[in-house]
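Here the structure is laid out as structure tokens; the discussion comes afterwards.
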Protein chains: 2
Amino acid sequence: MTLYGGQGDPARTLALLWRAHSPEAAAEQATGRRTGRTAPGPKQGLTVDAIIEAAIGLADTDGMERLSMRAVGERLGASAMALYTYVPSKRELVDLMYDHAHADLSHAYPRDGGLRPAVLAWADDLWNCYLRHPWLLQVSYARPVLGPHEQAVLESLLAVLHPADLPARRLRPTVSALFHLVRGAAQTAAEGRAAAAATGTSDQQWWTERSALLARLAPDFAQRFPHSTHLAGSSTDTDYDPVRQARQALDGGLRLLLDGLEQVTG
Amino acid sequence: MTLYGGQGDPARTLALLWRAHSPEAAAEQATGRRTGRTAPGPKQGLTVDAIIEAAIGLADTDGMERLSMRAVGERLGASAMALYTYVPSKRELVDLMYDHAHADLSHAYPRDGGLRPAVLAWADDLWNCYLRHPWLLQVSYARPVLGPHEQAVLESLLAVLHPADLPARRLRPTVSALFHLVRGAAQTAAEGRAAAAATGTSDQQWWTERSALLARLAPDFAQRFPHSTHLAGSSTDTDYDPVRQARQALDGGLRLLLDGLEQVTG
DNA sequence: CGGATCACTTTACGGCATACGGAGATGATG
DNA sequence: CATCATCTCCGTATGCCGTAAAGTGATCCG
């Protein structure tokens, strides 16, 4: 299921998200409204960044469903409650993780050679980020709390599309569609990969077992779903790798979209 | 977050999914391997369908995060544990809900008039289903356990695309892209709608507050993200409705894709 | 030094899915 | 009719979860 982010206190979340990027704000944030004095009490033993990175590491290896405040704390040699000094709640932590993971992107896309290779490079960059951090796809992207790295992904896509000089009413759907395609394909890929890893059976094995089962339970399948049956039958039997399949689907979808776009831009 | 389905016992799940559609299999399923005899013990007070419908009703009104076995049981005047006689676990229940909700689709799309109106009608049908059952978008669609109603959605899209006579290597990405577009747009719409309902503030209010906050925390935003700033500034200030916006993005994306498709089909 | 203030821990609460065992209903069998 | 196996459903318990509340001890200011 999708975990919804961006629902904590927006001021606090935004402050944390943009914290490192405007130094005086960060200092102000760290010390509250006291300025020039050091606070009593023990020094902080953790940092927000350490927490974010521990949480991301945990999600990368164990998956989002294993991400708990206790587990993150343990990874840092602290209790679950220790994190609450740094982060208002788990929701905000997920928002911070989400933004931070997008720092992986290179933002280096070919500038000459036209729209197509640049858009493909952007999509590939994002695709790789999603496959590295598949839990990103479990955090809804419709959330409007935007952090700097997330924003940078959009910005670099807009930079790539800029030469096409699309009006806003064209640009907006194009951007949305590109994000949806990459996310959807990456989700299919990540999930197929995870399923294979979880069950231990090979993809081919899994499919043949599944279809044998289905054939027994729904003997009229081929009559009820002739087109689906035909499509399934026409697969390149050599390639059951879900990641490669999803990637082919992505490339094909992008190609269609870019074909359509070129028709608009002339 | 996305809730992953399709991870229970596949045989059991598939049997439940296809149960109603092959009567003798359903009977066999109900009585185990005993045939022709009635079982001792009290009669069952519930049905799988009643449970599925109660669960869907709950998810529709209260959202996926409020869906619990206890709550579903309560809605049926039973305990949480009573459900486990009918359904192996919550995961399977979600799979069943997912499939059942897709029974909403009409599958009636214009047959004459070419590809475009038919594809748009299909997309509209699915979009409406998602907005009626927004929790569907929290269940990953990359799951490979397919039920009859889910399958019918794919089948009717394939029927719509059939006249174009695309080879499989073209058809597959097209189908994926169409699903991704509709799902992505619907998710944006549903989430925007939910956020507005949850916070109580109007969409416009929300946006102005958010951007004021952002302007304070990241005063260099416009310099760092010129394209994003420009795009945000060029919005039709009259229309903050997230559902309508997402729908416009969907229509634009579909248009691009169909333009690209027409180039292929000639 | 005394007290305020902080980071962090321990404990606790209510909620979750669900394993387990018991209670009672029902039909088949003697 | 009595017995018994079998079934549904419930009560309880276990071990998770997020996080509230209260306790502990370090640290700095006066």
Side-chain angles (χ1 to χ4, degrees), chain A residues 1 3-5 7-9 12 29-48 50-51 54-55 58-59 62-97, chain B residues 1 3-5 7-9 12 29-48 50-51 54-55 58-59 62-97:
Chain A
M1 325 250 225
L3 195 133
Y4 284 76
Q7 296 175 345
D9 175 14
R12 181 83 193 265
Q29 171 70 15
T31 58
R33 64 176 63 94
R34 263 170 302 91
T35 37
R37 296 206 289 176
T38 49
K43 294 285 162 247
Q44 296 196 321
L46 301 174
T47 63
V48 177
I51 292 173
L58 197 62
D62 293 9
M64 204 61 161
E65 58 285 342
R66 299 291 259 276
L67 183 81
S68 73
M69 298 302 269
R70 283 168 171 82
V72 175
E74 197 174 354
R75 196 172 251 243
L76 293 164
S79 72
M81 293 310 292
L83 310 181
Y84 284 86
T85 321
Y86 302 87
V87 156
S89 82
K90 188 183 180 181
R91 266 210 291 261
E92 276 81 2
L93 176 56
V94 171
D95 283 341
L96 294 171
M97 291 166 64
Chain B
M1 325 247 232
L3 192 132
Y4 284 76
Q7 297 174 343
D9 175 15
R12 179 84 194 265
Q29 170 69 17
T31 58
R33 62 177 65 95
R34 264 168 301 93
T35 38
R37 297 207 288 176
T38 50
K43 294 287 162 246
Q44 297 197 320
L46 301 173
T47 63
V48 177
I51 292 172
L58 199 62
D62 293 11
M64 204 62 159
E65 58 286 339
R66 298 290 258 275
L67 183 80
S68 73
M69 299 301 268
R70 282 165 170 81
V72 175
E74 198 173 355
R75 197 171 251 243
L76 293 164
S79 75
M81 293 313 290
L83 309 180
Y84 284 87
T85 319
Y86 302 87
V87 156
S89 80
K90 187 182 179 180
R91 267 209 291 258
E92 276 80 4
L93 176 55
V94 171
D95 282 341
L96 294 171
M97 292 167 63

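Per chain, numbering begins at 1; letters A, B, ... match sequence-line order.
In this structure, the nucleotide among C:dT18, D:dT8, C:dA12 sitting nearest to the side chain of B:Gln44 is D:dT8.
We find that NZ of B:Lys90 is positioned 14 Å from C1' of D:dC16, with the value rounded to whole Å. One can place CG of B:Leu67 at 14 Å from C1' of C:dG15, the figure rounded to the nearest angstrom. Residue A:Glu74 contributes atom CD, which lies 13 Å from atom C1' of D:dC16 at whole-angstrom precision. One atom, OH of B:Tyr86, and another, C1' of D:dC10, lie 13 Å apart when rounded to the nearest Å. Separating the CG atom of B:Leu93 from the C1' atom of C:dC16 is a distance of 15 Å, rounded to the nearest angstrom. Between A:Glu92 atom CD and D:dG18 atom C1' the separation is 13 Å, expressed in whole Å. When rounded to the nearest whole Å, the span between CE of B:Met64 and P of C:dA17 equals 11 Å. Rounding to whole angstrom units, CZ of residue B:Arg66 and P of C:dC16 are separated by 9 Å.
For the residue pair B:Ala50 and B:Leu76, the shortest heavy atom distance occurs at O-CD2, 4.0 Å. Considering every non-hydrogen atom in both A:Ala78 and A:Leu46, the closest pair reads CB-CD1, 4.3 Å.
Qualifying side-chain contact (heavy atoms from CB on, under 4.5 Å) partners for A:Arg70, counting only residues two or more places apart in sequence or in other chains: A:Ser68, A:Ala80. By the side-chain contact (heavy atoms from CB on, under 4.5 Å) test, B:Pro88 pairs with B:Arg12, B:Leu16, B:Glu92, sequence neighbours left out. Applying the side-chain contact (heavy atoms from CB on, under 4.5 Å) rule to B:Gln44 yields the partners B:Thr85, B:Tyr86; only residues at least two apart in sequence or on another chain are considered. Residues forming a side-chain contact (heavy atoms from CB on, under 4.5 Å) with A:Ala55 (at least two apart in sequence, or on another chain): A:Leu67, A:Val72, A:Leu93, A:Met97.
Comparing the local axis fitted to the first five base pairs of the helix from C:dC1-D:dG30 to C:dG30-D:dC1 with the one fitted to its last five gives a bend of 30°, rounded to 10°.
Near DNA chain C, meaning a heavy atom under 4.0 Å from it, residues 76-85 of chain A has A:Ala78, A:Ser79, A:Met81, A:Ala82, A:Thr85 in order of number.
B:Arg70 contributes no side-chain N or O that forms a donor-acceptor pair with the base of C:dG15 under 3.5 Å.
Side-chain contact between B:Leu96 and B:Ile51 is absent, with no heavy atoms from C-beta onward closer than 4.5 Å.
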Can you pull every protein N or O that's under 3.5 Å from an N or O on nucleotides 23-27 of chain C?
residue, atom, partner, partner atom, Å
C:dT26, O2, B:Gly41, N, 3.0

